[in-house]
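Worth knowing before you read on, the calculation uses all heavy atoms, side chains too, and leaves out hydrogens, waters and symmetry mates.
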Amino acid sequence: MAYMCLMRGLKELDFRGHSVPSDLVLIGDHAFPLAMNSRGQVLMAASLYSRGRIVVLGHESYLTSFPALVENAVNWLKGDESEKLPVVAHKNVKAVAGNLSKSGFQVQVVEAFSRNLRAGVYVTDAYSLGADVKDLVAFMKAGGGLLIAGQAWTWAQTHPKENTLLLFEGNKVSGVAGIYFSDHCGEVECLPVNPQIPSSWMAVVIGKDFEDDIEFLLRGISEFDLQNGLVASEVMVHGPLAFPIGATKDGRAFLAGAYYGQGRVVVITHEGLLSRETLAPFWKNAIEWLDEGRNGVIGVAPGLNSAFNLFNKSGFKCEKTKLREDLSVFVCTAYSEEHIEEIQDFVAEGGGLLIGGHAWYWAQTHHGQNTMTDFSGNKLLNKMGLSLLGNIIGKGSYKAPVPSQAIKDTYHFRHLLRHVAGHVAEGMELTKHKEKYLQKLAEDCSNYLHTKAYNCPSYTQVVSTLTEIIKKSSLPQVCDSCPVKSPKDHLLLSLGAHVYKFCPDPDALLPYLIKDNPLLQVVYNHRIKIEANTEGWEEWISTGLYLAPGMKTYMAIPEEIVNMGWKIQIGCQTDYLKHSELKRAPCVHEQFPVTSKMMHVWNLWGGLIYLVAPPKTQVHGLEVIVQIAVPAPYYKSGVTTNADWSLLRTAPSPWAELEFENIILTVPSDAVRDLGRPDELAVFWNNIMRGIADLAAKPHKFPRKERFVTDVQISHGWMHAGYPIMAHKSAASELVNIDHAKTNGLWGPIHELGHNQQRGCWEFPSHTTECTCNLWSVYVHEEVLGINRAKAHPNMTLAKRQSRAEEYAKGGKKLGSWHMWVALETYMQLQDRFGWDAFKKVFASYHNMSNFPCDNNGKMNLYTETFSRAVGMNLAGFFKAWGWPIETATEEKLSNLPSWTDHPMAQYD
């Protein structure tokens with residue numbers, strides 16, 4: 001709206017002539033360009049500051065060259081509060097006063113601005129501010145409008161060693177509102193007036209090289225000590241006037257600085273580092289940089305006592321205090337939401353800010369919330385071009401960069417983004433040095449887009465750039481036959497999903513992202529009854545519906561579950577992939593917190609629709625209505641009849657679900673098209689799951705049904721445990737084929753189900769991590785499927801078992817070698833002698849225990865005692881023969897039981 005008011009009635013702006021303007025640098029949330037040339041240089045801009053407004057023209061001659069624009073600017077600058085107040089012009093621009101008077105404005109010409117001046121708008125060049133700077137800022141802050149014009153490149157030429165951004169007179173006012181006259185000349189041309197705020201990937205993304213700043217900050221500094229107990233976050237450096245100071249080798253910053261308005265900022269990503277003695281020389285440099293030679297008072301927020309003492313030792317005038325206007329530098333943490341706007345204004349008007357804090361703990365304890373927007377530190381820092389992330393920086397000592405190479409060699413979000421855009425648009429070379437940061441760029445694009453600063457022109461500029469990258473690139477249509485390998489294609493694959501989620505017109509972008517997206521048969525206003533009785537975990541509730549890629553739907557949600565921790569999930573494949581070769585996008589599911597009775601949901605990659613019930617919740621008989629979706633082959637025991645299934649198995653969704661008594665199988669629909677009797681498969685899996693429960697000494701009814709999800713690619717392994725258990729799609733046919741399972745077994749799937757039964761109290765990581773889960777593999781195969789252990793897995797033949805035990809014994813019975821198959825033999829020898837009932841008794845005993853040991857030694861002694869009492873025999877000697885660290889106290893506790901002396905390991909004594 002502001003842009004439209006300023007450009008009303010204008011068709012073009014002809015900058016050709018003798019005036020050479022300054023290129024304007026824009027930062028902050030409110031600054032936006034009015035005129036941008038084909039190189040992305042900004043020649044005119046506007047912004048807000050507090051209650052006031054400002055328009056900046058890149059040359060003073062533009063005050064008379066563009067009379068219609070100036071009239072629009074004055075009308076917009078007047079605003080509502082100062083509409084009846086006169087326009088006041090400095091004498092150096094009296095020509096514009098004459099033009100405005102002719103157009104009916106009430107205009108006064110003055111020698112200089114004064115705080116008592118009654119004006120709605122003040123018009124001046126960028127050279128005549130004198131001692132009026134603070135008064136002009138106060139005027140704007142109180143609601144006044146400022147029209148200022150000039151260029152800084154001439155000044156910079158005559159002041160080659162001066163900081164143009166801070167010391168050029170016009171910047172002392174305009175910079176407060178996030179617009180700076182730079183020392184770069186703007187190229188002139190005749191520009192058409194865009195209907196919307198102009199943007200370009202070529203827009204200057206870093207307004208300074210920062211070499212002098214980094215050189216000042218790193219005087220005498222060779223490394224940064226992040227060792228000894230403190231866990232820091234990563235800070236994302238995304239502003240045009242923000243820069244990294246300390247970073248890891250892979251470009252993740254933990255220390256950064258920025259210009260903001262007329263002030264400066266330094267961020268360290270753990271407040272404890274503010275008081276670290278080894279960093280004292282750096283803090284001395286940083287405070288001097290922030291103080292800018294004022295030798296003022298350094299205010300240290302209450303609670304930072306150690307930092308206060310350290311800074312005092314360095315000779316600064318420190319006071320323990322909250323924020324005050326008379327401070328030169330304010331030191332605080334990132335954890336308070338108090339006085340955020342006051343701190344931002346303090347810095348914008350020339351103060352220094354030193355802030356410490358991390359976001360990783362907040363992110364871990366605020367699931368479902370947006371770290372970029374909801375974390376207190378980011379509410380303060382985002383505007384300054386810096387954001388604290390939930391990522392952790394590893395402990396260590398990190399080398400300080402070489403100032404002359406810092407910006408060139410160090411990762412910077414906007415700088416690299418501009419290079420990628422140039423590579424796509426004009427074929428600019430992407431060097432190997434830049435390619436190595438592309439994965440990080442993808443992550444940071446996601447982080448940045450999550451700031452959701454839709455009203456911020458800087459944000460819309462980035463979104464526009466990312467959208468153009470996607471449209472001008474050939475987005476890889478990734479699949480198992482067309483994997484993605486190159487860093488650039490990895491970037492595009494990640495960007496596609498992020499941009500689709502946050503761009504203003506995702507429907508227009510969809511054809512660039514998904515090339516083959518056939519129309520599928522749909523159902524309308526489908527009603528779903530939901531039942532939930534969850535314990536300590538989330539639970540997915542299947543709907544039997546699917547959304548095609550990019551397809552959107554509305555879901556009517558019962559009021560009882562709105563804002564109660566429920567979520568809607570689109571997509572069953574929840575693994576995040578980090579492989580060098582990708583057969584699908586890294587993340588292909590979306591979740592939406594249920595916050596209203598009508599939810600609008602979608603997913604670029606499509607997927608099955610789920611409701612996700614929060615832990616410890618009970619819901620019965622509620623109904624959800626899905627406006628439009630694709631039906632999926634969905635069988636539910638006790639609900640779906642065989643007659644229903646004969647139709648459902650042909651449903652068009654590419655993914656199918658089979659929900660049985662205690663397990664849900666999610667497989668490609670092709671795997672179930674020929675499945676005629678899902679009820680028989682239900683009986684088969686019900687027996688397996690009851691076997692799982694029997695060995696674990698648990699009720700047959702699971703508190704939460706297990707889930708298997710097959711996928712073209714998973715995060716690790718051939719299968720891995722969890723909720724859901726993830727498996728490669730080739731395993732789908734095994735999961736639904738009874739004959740195959742009864743003949744060949746299901747070692748892998750049962751192994752993963754066994755993982756989900758493991759408990760830390762009787763697990764001895766890392767020795768038994770891949771061992772005790774196989775107890776269930778052996779049990780289910782022998783007791784449920786009727787398949788001997790030797791046939792169930794080739795490593796379970798008697799010869800191999802005996803060979804492993806013998807080799808282990810001859811190797812000295814070292815626990816370092818006691819793992820997986822070797823460790824399993826310990827348990828198999830117990831099973832051979834005492835049977836499966838002994839294990840059931842042991843597991844049952846653990847259900848009734850509490851206050852378990854935390855270390856392996858303690859847990860192994862407890863297990864020895866527990867198993868011995870379950871079988872009524874002293875097994876201490878047996879476990880000692882396996883190299884377990886059995887304590888004398890344990891042996892004494894079991895001394896009244898008969899000893900198992902003829903155990904299989906006795907032959908090796």
Side-chain angles (χ1 to χ4, degrees), residues 28 49-52 113-116 129-144 146 163 165-167 169 171-178 213 216-217 241 257-268 271 274-275 283-357 376-377 379-381 383-384:
Y49 185 65
S50 192
R51 293 163 56 196
F113 184 84
S114 70
R115 69 179 64 185
N116 298 320
L129 308 183
D132 304 327
V133 170
K134 287 189 177 180
D135 291 338
L136 269 174
V137 171
F139 164 74
M140 191 164 49
K141 197 171 184 179
L146 179 62
N163 188 326
L165 295 180
L166 293 183
L167 299 179
E169 200 161 339
N171 284 336
K172 294 177 182 178
V173 177
S174 66
V176 171
D213 301 289
F216 185 98
L217 288 161
L241 293 179
Y259 285 75
Y260 180 69
Q262 278 293 289
R264 298 172 173 180
V265 186
V266 170
V267 178
I268 185 72
E271 69 281 7
L274 291 169
S275 55
W283 296 132
K284 185 175 188 302
N285 295 345
I287 292 173
E288 288 177 357
W289 184 75
L290 294 167
D291 178 63
E292 298 184 52
R294 293 183 291 262
N295 295 318
V297 175
I298 313 303
V300 182
L304 291 174
N305 297 330
S306 298
F308 175 85
N309 294 335
L310 185 66
F311 301 156
N312 254 341
K313 287 181 187 177
S314 297
F316 295 108
K317 293 181 285 186
C318 297
E319 292 184 18
K320 294 181 183 178
T321 177
K322 293 184 177 181
L323 180 69
R324 303 196 315 252
E325 287 187 6
D326 64 326
L327 298 176
S328 177
V329 177
F330 183 55
V331 186
C332 65
T333 69
Y335 309 127
S336 173
E337 297 206 13
E338 291 184 359
H339 311 300
I340 286 176
E341 289 186 9
E342 290 92 333
I343 295 173
Q344 288 168 340
D345 288 352
F346 169 77
V347 179
E349 293 170 25
L353 175 66
L354 175 55
I355 183 169
S376 56
K379 292 179 182 180
L380 171 62
L381 291 169
K383 286 185 176 182
M384 300 176 181

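Here the side chains of Met384 and Val347 are in contact, with some heavy-atom distance below 4.5 Å. With a 4.5 Å cut-off on side-chain heavy atoms, Leu353 and Phe346 do not count as touching. In this structure, the side chains of Arg264 and Val329 stay at 4.5 Å or more apart for every pair of heavy atoms. At least one side-chain heavy atom of Val331 sits less than 4.5 Å from a side-chain heavy atom of Ile298.
The two residues Tyr335 and Glu271 come nearest to each other via the heavy atoms OH-OE1, 2.5 Å. Nearest heavy atom pair, residue Ala301 against residue Phe330, reads CB-CZ, 4.1 Å. Across all non-hydrogen atoms, the minimal contact from Phe311 to Leu354 is CZ-CD2, 3.9 Å. The nearest pair of heavy atoms linking Ser275 to Ala307 is CB-N, 3.5 Å. Between Thr321 and Gly299, the shortest heavy-atom distance links the atoms CG2-CA, 3.7 Å. Residues Lys172 and Leu167 approach most closely at CE-O, 3.5 Å, considering heavy atoms.
Rounding to the nearest 0.5 Å places CZ of Phe113 at 10.5 Å from CG of Leu129. Atom NZ of Lys317 is separated from atom CG of Asn312 by 12.0 Å, given to the nearest 0.5 angstrom. From Gln344, atom CD reaches atom NZ of Lys379 across 11.5 Å, with rounding to the nearest 0.5 Å. A distance of 11.5 Å separates CZ in Arg115 from CG in Leu136, rounded to the nearest 0.5 Å. For the atom pair Leu380 CG and His339 NE2, the distance stands at 12.0 Å (nearest 0.5 Å). Distance check, rounded to the nearest 0.5 Å: CG of Asp213 to CG of Asn285 gives 12.5 Å.
A donor-acceptor pair under 3.5 Å is absent between the side-chain atoms of Lys320 and the main chain of Asn305, judged by distance alone. Distance alone, capped at 3.5 Å, places no donor-acceptor pair between the Ser336 side chain and the Ser376 backbone. Not a single donor-acceptor pair under 3.5 Å links the side chain of Ser314 to the backbone N or O of Phe316.
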Tyr259 and Asn163: CA distance, side-chain angles, deciding distance, side chain to side chain contact (heavy atoms under 4.5 Å, CB included) verdict: CA-CA 11 Å; Tyr259 285 75; Asn163 188 326; 2.7 Å; yes
Going through the checks in order, is the side chain to side chain contact (heavy atoms under 4.5 Å, CB included) test met by Asp326 and Val297? CA-CA 8 Å; Asp326 64 326; Val297 175; 5.7 Å; no
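For Glu342, the CD atom counts as densely surrounded, since its 6.0 Å shell holds more than 12 non-hydrogen atoms of other residues, nucleotides or ligands. Remark: Glu325 CD is loosely packed, at most 12 non-hydrogen atoms of other residues, nucleotides or ligands lying under 6.0 Å away.
Shown are Lys141, Gln262, Lys134; of these, the side chain to side chain donor-acceptor pair (under 3.5 Å) with Glu349 is made only by Lys141.
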